[in-house]
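Computed over heavy atoms, backbone and side chain alike; hydrogens, waters and symmetry mates excluded.
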Amino acid sequence: MPHVIAGARTGGSEVDQTSAPRADRCLDFYAGLASGIAVVTAPSDDGPVGTTVSTVTSLSAEPPLLLVCLSHTSRTLAAITPGSAFAVHLLGEEQGDRARLFASASATPAERFAAESYEEVLGVPVLADTYAWSICVTEEVRAYGDHCLVVGRVAALHMAEGRPLIWHDRAFHTLVDGAAR
């Protein structure tokens with residue numbers, strides 16, 4: 001239950017203190033968060049799998065850890081188990097089409113990878129021409145709500161030139177002179 005000061009008002013309206021906000025209101029709030037766009041890939045018994053995510057964050061520098069959030073229904077999550085490896089690809093500002101392809105619910109993993117150039121690094125499919133990529137070894141997978149938090153220890157990484165693709169207010173954006181456009 002949310003903790004709100006009794007009688008609290010915001011924007012001239014009373015705050016509902018008896019229940020959590022509806023999911024659509026939370027999604028509206030989440031849309032205000034700006035984040036980089038990434039594609040997470042992993043090997044599976046049926047071939048490579050991958051999905052677009054907007055929730056990737058650094059968790060620790062020592063040891064080097066990344067945190068990724070994946071939906072419970074994700075084929076990519078199904079391929080990620082403790083001790084297995086996965087890749088996190090930070091997309092460049094010109095890669096909106098790639099983000100849409102890997103986010104498409106109608107595209108199968110085979111269709112996603114047929115349209116891509118990739119190679120295996122440490123047994124994990126790594127997409128060509130991304131802004132940056134990292135191979136992680138899964139430390140932990142923990143369920144929260146309708147997603148799982150995946151903690152990965154960075155085993156390898158590569159940085160290229162370019163600028164990141166940004167997700168904000170349910171749309172892709174780019175940086176202009178260091179500021180979001």
Side-chain angles (χ1 to χ4, degrees), residues 27 29-44 47-71 74-77 79-80 84-139 141 147-181:
L27 291 173
F29 178 83
Y30 301 160
L33 299 169
S35 63
I37 293 293
V39 169
V40 175
T41 60
S44 79
V49 292
T51 191
T52 299
V53 300
S54 62
T55 307
V56 175
T57 191
S58 58
L59 183 59
S60 171
E62 275 303 320
L65 299 172
L66 285 177
L67 176 89
V68 178
C69 295
L70 295 168
S71 170
S74 169
R75 291 182 193 117
T76 305
L77 176 63
I80 296 174
S84 70
F86 62 93
V88 176
H89 307 82
L90 304 182
L91 298 186
E93 62 186 352
E94 72 288 349
Q95 296 179 318
D97 288 342
R98 179 178 269 174
R100 282 187 272 288
L101 173 65
F102 277 85
S104 170
S106 64
T108 67
E111 291 168 331
R112 291 174 181 171
F113 282 90
E116 293 294 326
S117 175
Y118 71 94
E119 62 181 285
E120 284 195 9
V121 177
L122 300 175
V124 178
V126 172
L127 303 175
D129 304 322
T130 59
Y131 172 62
W133 57 259
S134 172
I135 304 294
C136 297
V137 176
T138 308
E139 295 259 318
V141 178
H147 278 65
C148 284
L149 301 180
V150 178
V151 176
R153 183 182 296 254
V154 177
L157 57 84
H158 172 76
M159 295 288 300
E161 295 295 319
R163 293 153 54 108
L165 182 63
I166 305 295
W167 182 251
H168 176 260
D169 200 20
R170 298 179 177 98
F172 297 122
H173 300 275
T174 59
L175 297 176
V176 176
D177 298 327
R181 173 174 51 182

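- In this structure the side chain of R75 never reaches within 4.5 angstrom of the side chain of S44, judged on heavy atoms.
- Taking every heavy atom of both residues into account, L165 and G92 meet most closely at CB-O, 3.4 Å.
- Every residue meeting the ring pair (Phe, Tyr, Trp, His ring centres under 6.0 Å) condition with F102, not counting sequence neighbours, appears here in chain and number order: F113.
- Screening L77, V88, L67, V40 against V150 for a side-chain contact (heavy atoms from CB on, under 4.5 Å) leaves a single residue, L77.
- In this structure, T52 OG1 and I37 CD1 are separated by 7.0 Å, a value rounded to the nearest 0.5 Å.
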Determine all donor-acceptor pairs shorter than 3.5 Å in which one atom belongs to a side chain in residues 54-66; sequence neighbours excluded.
unit_1	atom_1	unit_2	atom_2	d
S60	OG	E62	N	3.3
S60	OG	E62	O	3.2
S60	OG	P63	O	2.7

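- Counting heavy atoms from C-beta on, the side chains of Y118 and T41 never come closer than 4.5 Å.
- Nearest heavy-atom pair across C69 and H147 is C-CD2, 4.2 Å.
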Kindly list each side-chain donor-acceptor pair under 3.5 angstrom involving residues 121-136, sequence neighbours excluded, with atom names and distances?
unit_1	atom_1	unit_2	atom_2	d
T130	OG1	A132	O	3.3
S134	OG	A156	O	3.3

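- To the nearest 0.5 Å, atoms OG1 (T51) and CZ (R112) are separated by 5.5 Å.
- Of all non-hydrogen atoms in A42 and A79, the two that sit nearest each other are CB-CB, 4.1 Å.
- Residues V141 and C148 have side chains in contact (heavy-atom distance under 4.5 Å, counting atoms from C-beta outward).
- For the atom pair CD of E161 and CZ of R163, the computed distance is 12.0 Å after rounding to the nearest 0.5 Å.
- Distance check: E139 CD to R153 CZ gives 4.0 Å after rounding to the nearest 0.5 Å.
- Within the 3.5 Å criterion, the main-chain N or O of L91 finds no donor-acceptor partner in the side chain of R98.
- Here H89 contributes atom NE2 and Q95 contributes atom CD; the two are 10.0 Å apart, rounded to the nearest 0.5 Å.
- In this structure, the separation between CZ on F172 and CD1 on I166 is 11.0 Å, given to the nearest 0.5 Å.
- In terms of heavy-atom proximity, T76 sits nearest to V49 at CA-CG2, 3.7 Å.
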